[in-house]
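In what follows, a single structure is set out as structure tokens and then discussed.
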Amino acid sequence: MTDVADATRDEKTFFGQPRVLANLFGVEMWERFSFYGMQGILLIYLYYSTAEGGLGISQTTATSIVGAYGGLVYLSTILGAWLADRVLSAERTLFYSAIVVMAGHIALALLPGLLGVGVGLVLVAVGSGGVKATATSLVGTLYAPGDPRRDAGFSLYYLGINLGALVGPILTGLLQTSLGFHWGFGLAAVGMGIGLIQYTIGRKRLVGAARIVPNPLPPSRRPLMVAVAVAGVIVIAVLAFGGVLTADRLANVVVALSAVATVVYFVVILRSSRITGVERRRVLAFIPMFIASAAFWSLYQQQFTVVTIYSDQQLNRNIFGWEMPVSFVQSINPIFIILLSGTFAALWTKLGTRQPSSPIKFALGTAIMGVAFLLFLPMAGDAPGTAPLLGLIGILFVFTIAELLLSPVGLSLSTKLAPAAFRTQMVALFFLSIALGTAMSGVLAEFYSPTHEAVYFGVLGIIGIALGAVLAAISPFLRRLMGGVT
């Protein structure tokens, strides 16, 4: 079987990386433009009053919806990975998922009220899950085993997608404040449309492993899978219309689903007869890092819950008489990623075999995320609208350092530790840790209030630091299980 790496070995490079990397982060860049552009205004759309153009939902319910939606995005990577590995191939799954994402943004822009929210968020979540799992897996196919460019390549990929994350919230925020929320959602749809066109033009360059279905589903089992899918939709509909699956419980439901899916996924992979003993030990080594990743994302993803509320209610957004839109805060982190991801890529390349191991990078990322939460303490208790913007910018800088130590490394590690029969689905496991953490960010946000800021940020910060310390302590054991993977 020929990998993309074989097809691109003699071609011109993209900043020292396989040239086709540019096309992959191009589609992810526009998907992130639409995703973060929409998410930058989603929470305030839910809890702003109808007079302000919002839906007037309670703040607690709104954070539950946002946390559940974010978790569903990453939970949907399981579906995307399964389709890629068993039915469509990674490349085709990416293409069709991008179409679903665009349809979701169109629904948010055109359908009124909770109907648009329900239809739009489900479509965006399912489509984004398919895009994320397959795009990351496709990046992994660009590198042969042991290629030292891998971590640097993932860092550059991260840089590309964060260009979209930077511009999206700025433009949707401007449209939201000047024309209304639905115009902002409409712009997100246009952005995804551009990304889809760009990918359609360049998709023919993805060949070899990108178009192979590594573990095809036997035709005899396809009716069963369809029946399971239909049954799942019916169960969800019954629970929703029966009042069991209410909006304020959504984040808790997604946490439970993510936890169950995690256990099932690890058991299925570890018990598979298609993996070797070495591959099994590598999957076992991934479990502590999965836990650390989930904890990290439960703090980091509060940018879209607690930090958004903080920016709306506590932050002084007045700049020389102009009030900065709330969504602009979501662009601060991508700015730092753009500035720093190249530095991290160069650093890992320069250090080569002397760079810290993946478990140590995970430990540092988790602990530094805890430190970022402690940095809120000097501003705790400030009167509404008085917290300094520079203070929050500094905290988000620390967020970014933590993210660059864990997120691109986690994407890379999931491809390095993946058994051959579960390549895309191992990437989905990493995204499953993000699903669990993101949904938890919605659950945790229910405990936040300006009157209890010190306790909230202090307790979560200490927990993050403690988890990082534990992971660092057991890293020598994990490295032995990883069997030569660094």
Can [X] and [Y] be counted as having a side-chain donor-acceptor contact under 3.5 angstrom?
{"X": "Ser441", "Y": "Gln301", "value": "no"}
{"X": "Tyr310", "Y": "Gln313", "value": "no"}
{"X": "Thr305", "Y": "Gln302", "value": "no"}
{"X": "Gln330", "Y": "Thr308", "value": "yes"}
{"X": "Thr400", "Y": "Asn333", "value": "yes"}
{"X": "Tyr36", "Y": "Glu31", "value": "no"}
{"X": "Trp297", "Y": "Ser293", "value": "yes"}
{"X": "Gln355", "Y": "Lys361", "value": "yes"}

>> Take a 6.0 Å sphere around OH of Tyr96 and say whether it holds more than 12 heavy atoms from other residues, nucleotides or ligands.
In response: no

query = Within a radius of less than 6.0 Å around CZ of Arg317, do more than 12 heavy atoms belonging to other residues, nucleotides or ligands occur?
reply = yes

Using the ring centroid of each side chain, check whether [X] and [Y] are separated by less than 6.0 Å.
{"X": "Tyr69", "Y": "Tyr74", "result": "no"}
{"X": "Phe185", "Y": "Tyr45", "result": "yes"}
{"X": "Phe457", "Y": "His452", "result": "no"}
{"X": "Phe266", "Y": "Phe290", "result": "yes"}

Smallest heavy-atom separation, Pro169 atom then Gly164 atom, equals CD-O, 4.4 Å

Tightest non-hydrogen contact, residues Gly173 and Ser327, listed as CA-OG, 3.0 Å

Value for CZ (Phe431) from OG (Ser414), rounded to nearest 0.5 Å, stands at 7.5 Å

So CG of Leu163 and CH2 of Trp30: to nearest 0.5 Å the spacing works out to 10.0 Å

Practice prompt. For residues Ile65 and Ile57, determine if any side-chain heavy atom of one lies less than 4.5 Å from a side-chain heavy atom of the other.
Written response: yes

Inset, instruction - Starting from the C-alpha separation in whole Å, work towards a yes-or-no answer on side chain to side chain donor-acceptor pair (under 3.5 Å) for Ser58 and Thr60. - result: CA-CA 6 Å; Ser58 74; Thr60 299; 5.2 Å; no

Under 3.5 Å donor-acceptor, Ser407 side chain and Glu403 backbone: no

